[in-house]
Amino acid sequence: SLISSNSSLLSSSSSLSSISPNLIIQSNQLYKILFKIAIKTLAVGLTTFAYSTVTSKIVDRIVSRVRVALMKALLHQDISFFDKSNSGDLLNYISNDVQQLKLALKHSISLGIKNIVMIGSSIYTLSTISMKLTTLILIVIPSMVLIGSLYTSFLRNISSRVQAANGESLSVANEVFSAIRTVRAFANEKKEVQRFEKAINNYLDLSDNYAYKLGLFQGMSSVAMGGIMLAVISYGSYLVNSSELEANKFTTFMLQSISLQTNLAQISILYADLNRAFAAVERINEIFKTKPVININEGIK
């Protein structure tokens with residue numbers, strides 16, 4: 001029995017010795033894969049940190065220079081300009097309008113570039129699968145972009161009115177706080193609150209109108225993109241039935257087109273955010289274009 005047990009141990013050890021090299025090789029390969037994943041994860045983290053830090057610093061410096069230049073342009077205006085403008089609207093230029101520009105530079109533009117690159121990559125991939133279906137998409141998308149551009153120019157005007165109404169409400173609050181002793185002396189707190197509430201209600205009416213028009217734009221964009229998908233499915237099914245396109249390639253095309261649709265939807269949302277930034281830039285540019293009659297450094301010549 002002792003001899004048989006020793007022989008069984010020897011046989012088991014020999015079998016282990018024959019398996020262990022494979023296990024060692026597999027474990028080494030696993031460690032290499034995990035090491036590569038860890039390196040790539042660390043690289044992604046470092047690049048994300050660098051991108052976020054550098055972008056924030058660059059955008060903050062640009063916005064700070066715009067604020068200083070805007071303040072300089074405002075202080076160099078004629079006194080008649082301040083007589084026509086309310087203080088809240090002037091503060092709105094420096095605070096809210098510049099903040100809209102900052103958000104556009106920091107988020108919308110970077111994400112927009114990313115989505116545009118993804119759209120270009122998706123279109124190239126789709127063209128390698130089926131040029132006929134890709135041509136159908138390329139015919140429809142430019143018309144959508146043209147219609148969207150015309151509609152967003154209309155939205156930009158509404159957005160300018162919304163920001164102007166916000167500046168008016170800030171002006172009312174600023175006037176009340178500046179003359180708080182006079183308001184308290186004549187017991188006009190209730191009247192000033194009603195005046196501020198009226199300005200806020202005007203802002204809300206314009207803001208609700210903008211939200212309705214913006215929702216209509218995004219809803220129609222979703223319907224249009226869904227229509228594109230239906231057209232692609234119908235035409236792709238026809239190509240498969242006529243043996244002009246393989247079924248597996250059509251499936252791949254549909255999966256890739258879903259990615260394209262997602263990127264187009266994000267572009268639609270970002271375009272609405274950029275629209276508010278464009279309206280703010282137009283308002284800021286009006287200040288820079290307004291030249292004073294009297295130069296405060298040289299006087300009247």
Side-chain angles (χ1 to χ4, degrees), residues 19 22-48 50-52 107-152 155 214-275:
I19 296 174
N22 294 330
L23 292 175
I24 292 173
I25 293 173
Q26 292 178 0
S27 62
N28 289 335
Q29 291 177 348
L30 178 61
Y31 291 147
K32 289 180 180 179
I33 294 173
L34 292 176
F35 180 74
K36 290 181 180 179
I37 293 175
I39 293 297
K40 290 180 179 180
T41 303
L42 181 61
V44 170
L46 291 175
T47 52
T48 303
Y51 167 78
S52 178
H107 299 292
S108 300
I109 291 180
S110 60
L111 292 176
I113 293 174
K114 174 186 174 183
N115 283 287
I116 290 173
V117 171
M118 293 296 295
I119 289 172
S121 175
S122 297
I123 291 176
Y124 173 76
T125 304
L126 293 175
S127 65
T128 59
I129 299 173
S130 174
M131 195 61 198
K132 290 184 178 181
L133 289 175
T134 306
T135 303
L136 175 63
I137 293 177
L138 293 178
I139 291 174
V140 177
I141 289 179
S143 60
M144 289 178 54
V145 172
L146 178 61
I147 295 173
S149 299
L150 295 175
Y151 191 81
T152 50
L155 286 177
L214 178 61
L216 181 63
F217 169 71
Q218 293 182 350
M220 293 301 295
S221 298
S222 299
V223 172
M225 285 184 288
I228 293 176
M229 293 298 296
L230 289 175
V232 168
I233 292 173
S234 301
Y235 188 53
S237 301
Y238 168 77
L239 293 177
V240 171
N241 292 330
S242 60
S243 300
E244 295 184 34
L245 181 66
E246 298 178 2
N248 57 347
K249 288 186 178 181
F250 177 60
T251 303
T252 305
F253 189 94
M254 290 303 303
L255 293 175
Q256 190 65 36
S257 62
I258 292 174
S259 175
L260 176 62
Q261 183 183 12
T262 302
N263 292 320
L264 287 173
Q266 292 178 356
I267 285 290
S268 174
I269 297 174
L270 291 174
Y271 201 62
D273 294 335
L274 284 175
N275 180 57

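Along the sequence shown, residues are numbered consecutively beginning with 1. Below, all heavy atoms of this structure are taken into account, side chains as well, without hydrogens, waters or symmetry copies.
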Inset, instruction - Carefully, step by step, assess Ile137 and Val232 under the rule side-chain contact (heavy atoms from CB on, under 4.5 Å). - result: CA-CA 8 Å; Ile137 293 177; Val232 168; 3.8 Å; yes
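- Counting heavy-atom neighbours within 6.0 Å of Met220 CE, excluding the residue itself, gives a total of 12 or less.
- Nearest heavy-atom pair, Leu239 versus Ser130, reported as atom, atom and distance to 0.1 Å: CD1-OG, 4.3 Å.
- Here the CG atom belonging to Leu42 is positioned 9.5 Å from the OG1 atom belonging to Thr47, to the nearest 0.5 angstrom.
- In this structure, CG on Leu46 lies 11.0 Å from OG1 on Thr41, to the nearest 0.5 angstrom.
- What you find for Ile129 and Leu245 is that their closest heavy atoms are O-CD1, 4.1 Å.
- A donor-acceptor contact shorter than 3.5 Å links the side chain of Ser127 to the backbone of Tyr124.
- Proximity of a side-chain donor or acceptor of Thr128 to a complementary backbone N or O of Thr125 within less than 3.5 Å is detected.
- Taking the side chain as every heavy atom from C-beta outward, Leu133 and Leu126 never approach each other to under 4.5 Å.
- Smallest separation of non-hydrogen atoms from Ile233 and Met254: CG1-CE, 3.3 Å.
- The distance from atom CD1 of Ile39 to atom NZ of Lys36, rounded to the nearest 0.5 Å, is 11.5 Å.
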